[in-house]
Amino acid sequence: MSEFTKSPHDFVGYEYRELTAPADKFSLYLDAYENFGWEPDKNAPQRRQSGMITVTLRRDRHIVNKAELTRLQRNFDACAKEIEALERAKTAGPMALALAVGLVGTAFMAASVFAVTAQPPHVTACVLLAIPAFAGWAAPVFLYRSRVHRKNARIAPLIEEKLEEIYRLCERGHELLPRQ
């Protein structure tokens, strides 16, 4: 008996799952999960917290091809986690480098201050140490931007490749769902 020939009084048992995804990727996640037989539960509201959206999904417990849909869903989850890791990698290394250069600049500034407050003051040493200190404070912004740009150029094709894999998984999942 198809979904459309069931009477409103036929029992359908559902399994439930919470989906939490980054707000900027939430539509991608929700669209993908619908291709694995899940639908948003209209009785549970969406929740937003710290840039994440959580929604409750439901799926017919007796859906055809459930094992294969679940396998495809797990592959999707793995791909989505890889994309998130790649997105973080765009800025993690450049941020660490920028912070390290800033800390080195701060160390030079501390040495410069110690040189000028010494008895007798070493003004020449103070000036010589202040130059790399100010450079260490100014350079991180430019270093960060250039490194993020370079990382983005290397990582963007990898992300695109994972998105294509996600679309293939969703397409296969959609083909397994019962026709309506």
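Counting begins at 1 with the first residue of the sequence.
For Thr20, the side chain to side chain donor-acceptor pair (under 3.5 Å) partners at least two apart in sequence or on another chain are Thr54. By the side-chain contact (heavy atoms from CB on, under 4.5 Å) test, Arg58 is found to be paired with Tyr14, Tyr16, Glu39, Asp41, residues two or more places apart in sequence or in another chain being considered. In this view, Arg88 and Glu84, Ala85 satisfy the side-chain contact (heavy atoms from CB on, under 4.5 Å) rule, not counting sequence neighbours. Scored by the side chain to side chain donor-acceptor pair (under 3.5 Å) test, Ser146 finds no partners at all (sequence neighbours excluded). Annotation: side-chain contact (heavy atoms from CB on, under 4.5 Å) contacts of Asn152 (sequence neighbours excluded): Lys90, Ala156. Every residue meeting the ring pair (Phe, Tyr, Trp, His ring centres under 6.0 Å) condition with Tyr29, not counting sequence neighbours, appears here in chain and number order: Phe76. With sequence neighbours excluded, the residues that form a ring pair (Phe, Tyr, Trp, His ring centres under 6.0 Å) with Phe134 are Trp137. Judged as a side-chain contact (heavy atoms from CB on, under 4.5 Å), and not counting sequence neighbours, the contacts of Ile53 are Ala23, Phe26, Gln46, Arg48.
The salt bridge (Lys or Arg N to Asp or Glu O under 4.0 Å) contacts involving residues 69-83 comprise Arg17-Asp77, Glu68-Arg71, Glu82-Lys162, where partners must be two or more places apart or lie in separate chains. Annotation: salt bridge (Lys or Arg N to Asp or Glu O under 4.0 Å) contacts involving residues 136-158, sequence neighbours excluded, are absent. Listed by first and then second residue, the ring pair (Phe, Tyr, Trp, His ring centres under 6.0 Å) pairs involving residues 82-123 amount to none (not counting sequence neighbours).
A distance of 10.5 Å separates CH2 in Trp38 from OG1 in Thr56, rounded to the nearest 0.5 Å. In this structure, SG on Cys79 lies 11.5 Å from CD on Glu164, to the nearest 0.5 angstrom. Distance check: Ile83 CD1 to Glu160 CD gives 9.0 Å after rounding to the nearest 0.5 Å.
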Would you mind writing out the side-chain donor-acceptor pairs for residues 166-177 within the sub-3.5 Å range, not counting sequence neighbours?
from	atom 1	to	atom 2	distance (Å)
His174	ND1	Asn35	OD1	3.3

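Within 6.0 Å of the CD atom in Glu15, the count of heavy atoms belonging to other residues, nucleotides or ligands exceeds 12.
Each of Met109 and Val116 belongs to its own hydrophobic cluster when Ile, Leu, Val, Met, Phe, Trp and Tyr are linked at side-chain heavy-atom distances under 4.5 angstrom. Clustering ILVMFWY residues whenever any of their side-chain heavy atoms sit less than 4.5 angstrom apart, transitively, puts Val148 in the very cluster that holds Met95.
When all heavy atoms are compared, the tightest approach of Pro178 to Ile63 is CD-CG1, 4.4 Å. Ser112 and Cys126 make their closest contact through OG-O, 2.9 Å (heavy atoms, listed as atom of the first residue, atom of the second, distance). Smallest separation of non-hydrogen atoms from Pro94 and Ala89: CD-O, 4.4 Å.
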### Message
Quick one, Leu129 with Val113, criterion side chain to side chain contact (heavy atoms under 4.5 Å, CB included). Give me CA distance, side-chain angles, the key distance, then yes/no.
### Response
CA-CA 9 Å; Leu129 291 169; Val113 170; over 6 Å; no
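With contacts defined as side-chain heavy-atom distances shorter than 4.5 Å, the pair Leu28/Leu163 qualifies. Looking at Leu69 and Gln73, their side chains never come closer than 4.5 Å, going by heavy atoms from C-beta outward.
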